Amino acid sequence: MSEPASPSIAVTPPPEPTQAKRVRDSLTVSMKDSVASSVMTGTVDQFLNAFAIFLRASSVQIGWLTGIPQLLGGLFQILSVWLGGYWPRRSLIVVGAAVQTLSLMGLCALALPLPWPEGARVPLLIGCAIVYHGASNLAQPQWKALMGNLVPSRLRGRYFGVRSRLAMATSFFAFLSGGLLLNGSASLGVESLGFAALFLIAVVGRGLSTRYLHRMYDPYRPDHSRGRGLVHTLRSMKRAFADQRFRRFTLFLAGMQCMVALSAPFFAVYMLRDLQFTYLQFTLNTAASILVQFVLLRYWGRIADRKGNRYVMALGATVIPVLPVLWLFSDNLVYLMGVQMLGGAAWAGFTLATSNYLYDLKPDDSEFAGYAAMQSTIGAAAVFVGAISGGYLISWVPDALVIGNWSWPIERPIWVIFVISAVLRAVVALWYLPKAPELRVKQRGRVRDLVFRVSRFTPISGVVFDVVSGKRKKQRPPQ
């Protein structure tokens with residue numbers, strides 16, 4: 001007698017996660033991404049010029065290191081806007097992060113004491129910097145759009161507030177730790193290994209960030225039949241630039257970025273090469289400006305709410321031209337940290353006011369993605385012109401200024417660039433600010449209610465942040 005067949009057990013597949021759960025999981029993963037990517041930001045952005053100085057780069061090469069990656073990075077934002085109509089956003093973000101990781105591996109290899117050809121490391125460093133900034137700018141517009149869809153509007157302020165504070169703290173801690181690492185390796189005579197370890201930490205941070213970005217959920221799928229060509233994107237940007245008020249402000253901001261870039265990349269050269277600062281002193285000096293910007297950001301928001309963005313922008317633009325000249329009076333570390341703190345206060349107000357002013361000034365009929373990409377591109381072109389010009393001007397400064405029978409020796413050629421940059425900053429501010437209109441857009445809400453995301457540190461203006469969103473006032477329905 002045969003045994004009865006055992007009853008079959010139906011295996012039920014696990015239920016698919018709901019969209020709400022995918023969104024929640026993605027926002028949790030994004031918090032982890034903020035920590036990992038901030039490790040990269042804190043250990044790379046402010047130390048690239050220091051690494052170039054270690055490789056004995058000339059002032060002209062320092063200018064190229066700052067200018068070319070900025071210019072091509074801005075163009076990559078336009079490319080990103082165009083590709084976003086054809087490729088899934090998450091794919092562009094992950095590809096950008098992965099390519100950025102590869103560029104950091106290249107930096108790590110350049111820091112190792114390998115048998116590199118004579119004079120090859122600085123050009124390769126510039127190439128790695130181009131890939132690093134280009135990949136970042138390829139992913140950045142798509143990341144903003146993705147997070148704008150994932151974070152509910154009622155939670156946006158709280159979520160990005162926590163995320164930004166987490167990113168700020170991580171970046172600042174990584175920056176201080178990087179300075180200590182370089183200072184210790186230099187004291188032991190293994191400076192190249194210190195840079196290699198620093199960039200290896202950045203590789204790990206960006207690698208983890210890439211993994212987290214890959215796990216995020218994107219509810220949007222591009223409609224390939226409606227993909228818009230590059231010509232359409234450029235035409236949209238041209239329409240936005242046709243607005244007179246927007247055009248004048250764009251040129252003002254680009255002009256200020258150009259004149260700042262004339263001298264800003266060379267402060268690291270001045271500290272490390274001319275003043276012979278240790279890496280710890282260099283880090284503390286730079287950290288003073290960054291810390292003040294973090295602390296004063298919200299206070300400037302309250303002032304902007306009461307006095308207006310034009311008022312805050314004018315205050316910042318009054319101090320910014322004076323800053324390079326203050327470096328001429330003393331090489332004392334405590335004094336220069338005080339100058340940096342004053343600069344951090346001015347830059348915090350100026351960056352906040354110009355970001356918010358730009359937010360209000362956007363022409364109504366322009367597409368935001370193309371509008372933002374155009375801003376970045378024009379600013380990047382201005383930084384390119386300023387940084388390249390500053391590098392060549394330093395190399396052309398004579399040993400002495402001769403007027404008739406009178407001769408004044410120029411002890412440090414970089415001082416000439418500081419003075420020229422200060423004068424031209426003042427000229428740009430005086431050209432625009434006296435006639436700048438005060439804008440008040442009621443739908444935006446208060447400045448201090450806006451949500452900011454720390455994007456990166458730069459040698460141009462310190463902390464760079466994006467206006468993510470704000471608490472908009474509820475509008476009554478039309479009668």
Side-chain angles (χ1 to χ4, degrees), residues 37 39-76 79 95-139 178 181-182 185-186 189-207 209-210 261 264-269 272-273 279 282 380 383-392 394-395 456-460:
S37 59
V39 169
M40 173 199 68
T41 302
T43 52
V44 174
D45 288 1
Q46 286 292 347
F47 291 114
L48 270 182
N49 283 1
F51 183 49
I53 295 167
F54 167 70
L55 297 180
R56 303 184 186 281
S58 66
S59 59
V60 173
Q61 290 174 320
I62 294 289
W64 286 101
L65 176 62
T66 302
I68 293 183
Q70 292 287 334
L71 177 63
L72 296 182
L75 296 177
F76 266 85
L79 178 64
V95 167
V99 171
Q100 200 171 35
T101 306
L102 294 177
S103 70
L104 293 171
M105 291 180 180
L107 289 176
C108 188
L110 285 174
L112 294 174
L114 301 175
W116 296 97
E118 182 69 24
R121 287 207 285 181
V122 174
L124 289 173
L125 169 62
I126 296 174
C128 288
I130 290 173
V131 176
Y132 175 81
H133 286 283
S136 174
N137 283 277
L138 180 68
L181 173 62
L182 290 179
S185 62
V190 289
E191 198 170 346
S192 61
L193 295 181
F195 276 108
L198 188 71
F199 295 140
L200 181 60
I201 293 171
V203 169
V204 174
R206 197 45 164 167
S209 169
T210 305
F266 307 102
F267 283 102
V269 179
L272 294 174
R273 186 176 292 172
Y279 287 112
F282 168 77
V383 170
F384 170 78
V385 172
I388 298 299
S389 301
Y392 280 104
I394 292 175
S395 64
R456 62 192 185 279
F457 300 151
T458 72
I460 304 299

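None of these values were measured; they are calculated from a predicted model.
- Here the side chains of Val383 and Leu71 are not in contact, with every heavy-atom distance at 4.5 Å or above.
- Using a distance-only test at 3.5 Å, with no hydrogens or angles considered, no donor-acceptor pair links the side chain of Glu191 to the main chain of Ser185.
- The two residues Ala111 and Ala196 come nearest to each other via the heavy atoms CB-N, 3.5 Å.
- One finds the OG atom of Ser103 at 11.0 Å from the CD1 atom of Ile130 (value rounded to the nearest 0.5 Å).
- Residues Ser395 and Val60 come closest through the heavy atom pair OG-CG2, 3.9 Å.
- At distances below 3.5 Å, at least one donor-acceptor pair connects side-chain atoms of Thr210 with backbone N or O atoms of Arg206.
- Using a 4.5 Å heavy-atom cutoff, the side chains of Val39 and Ile201 are in contact.
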**Message:** Evaluate Leu48 against Leu125 for side-chain contact (heavy atoms from CB on, under 4.5 Å), listing each step before the verdict.
**Reply:** CA-CA 9 Å; Leu48 270 182; Leu125 169 62; 4.0 Å; yes
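- The closest side-chain heavy-atom distance from Phe282 to Phe47 is below 4.5 Å.
- Dense packing is recorded around CZ of Arg273, with more than 12 heavy atoms of other residues, nucleotides or ligands lying under 6.0 Å away.
- Annotation for Ala202 and Val44: closest pair CB-CG2, 3.4 Å, computed over non-hydrogen atoms.
- In terms of heavy-atom proximity, Ala135 sits nearest to Gly96 at CB-O, 3.2 Å.
- Under a cut-off of 6.0 angstrom, the local environment of OH in Tyr279 is crowded, with over 12 non-hydrogen atoms contributed by other residues, nucleotides or ligands.
- Heavy-atom minimum distance, Ala261 versus Pro265: O-CD, 3.0 Å.
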**Prompt:** Could you go step by step and tell me if Thr43 and Phe199 meet the side-chain contact (heavy atoms from CB on, under 4.5 Å) rule?
**Reply:** CA-CA 7 Å; Thr43 52; Phe199 295 140; over 6 Å; no
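- With a 4.5 Å cut-off on side-chain heavy atoms, Pro113 and Leu193 count as touching.
- Counting all heavy atoms, side chain and backbone alike, Leu181 lies closest to Leu198 at CD2-N, 3.8 Å.
- You'll find the side chain of Tyr132 reaches within 4.5 Å of the side chain of Asp45, heavy atoms only.
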**Request:** Might you work through the side-chain contact (heavy atoms from CB on, under 4.5 Å) test for Leu110 and Phe51, ending with a clear yes or no?
**Result:** CA-CA 10 Å; Leu110 285 174; Phe51 183 49; 4.2 Å; yes
**Message:** Apply side-chain contact (heavy atoms from CB on, under 4.5 Å) to residues Asn49 and Thr66 and explain how you reach the verdict.
**Reply:** CA-CA 8 Å; Asn49 283 1; Thr66 302; 4.0 Å; yes
